[in-house]
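Comments concern the structure below.
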Amino acid sequence: MQGTFRRENALNYTCTRDRGITVTAARAIVQGISKDGGLFVPERLPAYTPEDLQAMQGMDYVGRACKILSDFLPGFSADEIRECVSAAYAPGKFSGGHPAPVVEVKNGEYPMHVLELWHGPTCAFKDMALQLLPHLLTHSLKKENCDKTAVILVATSGDTGKAALEGFKDVDKTRILVFYPENGVSPMQKRQMNTQEGDNVCVCAIEGNFDDAQSGVKRLFVDQEINAQLDRHGMLFSSANSINWGRLLPQIVYYFSAYCDLLQSGAVKMGDPVNFVVPTGNFGNILAAYYAKKMGLPVHKLVCASNANNVLTEFLRTGVYDRNREFHATISPSMDILISSNLERLLFDATGDDKQVAQWMRQLAETGRYEVDGPTLQTLQNTFAAACCDDGKTKQTIREVFGSAGYLCDTHTAVAVNAYEQYVDETGDKTPTVVVSTASPYKFADAVLSAVSEKYNPADEEFHKVQQLAEETGMAIPAPIAGLQSKPVRFQNLCKKDEMGRFLLRLVGLE
Ligand SMILES: *Cc1c(COP(=O)(O)O)cnc(C)c1O
């Protein structure tokens, strides 16, 4: 069935577990995940020359994004792509005029360029993709001759839910419902979600933890009765989670953009290699950097940074992926993850072997562990380095970088800075390096304040801590966070984990 979507002479997408599958980009975005559980990947990558980079250097962020997206989405016209990209990165959506600025931080022996990806409406890097995905999805639905309204279901532990709500807010032919664990998100994250504006959005807490929310959403996606009911009323389920190709693609853009900006500022000359250090959870962000390298971006090493949940550090050092370990709730919660879904795409690219990837993923599902062979590990290590640090080191790094360079970073970014310092100590590598910064420090004000201030009192309420952080550091509070306090709470829904289906049906008017 999937084979019927093939288009000749264009870039199609295949599946990490079965190369026999071929779909268009639009189909890959609408479907999200292959029916066999594998992930969609492009059959080949566009190749960029120094001349291409030169041309991109002269463009603004929207221009750079249009260039890259058009090479991956042959079924989209240039006008459609420009429409999607312009809507996503419209002036005013990202503060400061550049959606992904690079700033120089003179961090003692470890000088670095920091790529700030948190100037969007929710102050975390998920905006870079989730501002664009809704537009790609609605165009993809049209291309698939689907006239239905997409009902986006999200289970979130914090950042993704809010970014998806902001992205889908008032987007035509979509509705979005976000479930979060009642006691499993930070006060700031809860407030961000429950004050969400838009006519097509809804938020509901569930009595349970994140896994309960996640399994509940998965059950709804495959519930035949509910799917049939939606279908009869002109609706269908869709997903905004990070394995959707439509979320990965927008992330490739900012790696090229960062390099162009370094060329522009004279920090590197054309062709000079750079390193990227990426705070990693589900392996989406760093995988986009890997694709950029394969497309011709001059990259030396990619450093994968993890917190105490260091399953990836161990994997990239030993070739053993083992999720059978204690789960740590850390101060960098968006990286608290033991199954890094997008790693599957890297394994497919490194081996080219769909059968082998399928087998490793089966082992992961059945035993929680797999081990790659020596040559595959070597291939990965040619590009990737890895390091991790715990909460204590994370706070220490925040304090040191602020003290020595006057730069305030959030907890996730601090994990990356610490990993970079370890990497330099181990290798002596002096290649110019870009540390990817994924959230505003104000999004994790409690931990950041405790790292830099003597006056920190854990009992203070969240907005007080935000205010204190501003007073102590002189760094402006981002408008979306400053504005939260006065926004009315719109949602106070709470349901039991086995009532999520009924909640959904009532919401869409079917019960
Ligand atoms: C999601 C997230 C990450 C992890 O990104 P992945 O693409 O899942 O590796 C890191 N930092 C922050 C702030 C995030 O929200």
Side-chain angles (χ1 to χ4, degrees), residues 39 100 114-131 133 154-167 180 185-186 188-189 192-193 210 214 240-255 276-292 302-313 315-316 330-346 384 386 388-389 394 398 409-419 435-445 447-448 478 481:
L39 308 184
V114 176
L115 171 59
E116 294 183 343
L117 300 177
W118 42 263
H119 293 284
T122 77
C123 304
F125 96 102
K126 305 268 186 316
D127 289 329
M128 298 303 298
L130 279 164
Q131 282 296 310
L133 175 69
V154 181
T156 186
S157 58
D159 287 343
T160 299
K162 176 60 183 179
L165 287 162
E166 265 308 310
Y180 69 87
V185 301
S186 79
M188 185 64 78
Q189 289 172 324
Q192 275 190 312
M193 290 191 278
F210 172 67
Q214 173 103 325
N241 72 20
S242 77
I243 50 179
N244 193 316
W245 178 253
R247 268 191 66 178
L248 208 51
L249 177 55
Q251 300 184 343
I252 297 174
V253 176
Y254 49 72
Y255 289 101
F276 288 100
V277 187
V278 187
T280 297
N282 219 9
F283 212 79
N285 202 356
I286 197 168
L287 183 72
Y290 173 79
Y291 284 139
L302 298 175
V303 182
C304 174
S306 303
N307 62 25
N309 297 294
N310 57 3
V311 61
L312 286 167
T313 317
F315 172 68
L316 289 168
T330 74
I331 56 172
S332 45
S334 302
M335 294 153 67
D336 290 348
I337 195 156
L338 292 180
I339 300 189
S340 277
S341 314
N342 276 302
L343 190 60
E344 179 170 349
R345 286 185 163 114
L346 174 65
F384 290 91
C388 58
C389 78
T394 305
I398 293 174
C409 55
D410 96 292
T411 49
H412 304 76
T413 309
V415 169
V417 173
N418 188 280
V435 171
V436 177
S437 176
T438 50
S440 159
Y442 283 101
K443 208 158 176 184
F444 301 92
V448 175
I481 287 179

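Indexing begins at 1, ligand by ligand and atom by atom, following the structure's order.
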| Checking N307 side chain against S332 main chain: does a donor-acceptor pair fall under 3.5 Å? | yes
| message | Just to verify, what does T313 make a side-chain contact (heavy atoms from CB on, under 4.5 Å) with, not counting sequence neighbours? | response | S306, N310, R317, A386, C388
Give every pair formed by an N or O atom of ligand 1 and a protein N or O atom closer than 3.5 Å, one pair per line with both atom names and the distance to 0.1 Å, or write none.
from, atom 1, to, atom 2, distance (Å)
ligand 1, 7 (O), G284, N, 3.2
ligand 1, 7 (O), N285, N, 2.9
ligand 1, 8 (O), N282, N, 2.7
ligand 1, 9 (O), G281, N, 2.7
ligand 1, 9 (O), N282, N, 3.2
ligand 1, 9 (O), F283, N, 3.1
ligand 1, 11 (N), T438, OG1, 2.8
ligand 1, 15 (O), K126, NZ, 2.6
ligand 1, 15 (O), D159, OD2, 2.9
ligand 1, 15 (O), S334, OG, 3.4

| Of all residues at least two apart in sequence or in a different chain, which pass the ring-ring contact (aromatic ring centres under 6.0 Å, His included) check with F384? | F283, Y290
| CA sep, side-chain torsions, deciding dist, call: R247, N244, side chain to side chain donor-acceptor pair (under 3.5 Å) | CA-CA 5 Å; R247 268 191 66 178; N244 193 316; over 6 Å; no
| So which of T394, T411, D336 actually passes side chain to side chain donor-acceptor pair (under 3.5 Å) with T330? | D336
| task | Quick one: list whatever passes ring-ring contact (aromatic ring centres under 6.0 Å, His included) with W118, sequence neighbours left out. | result | none
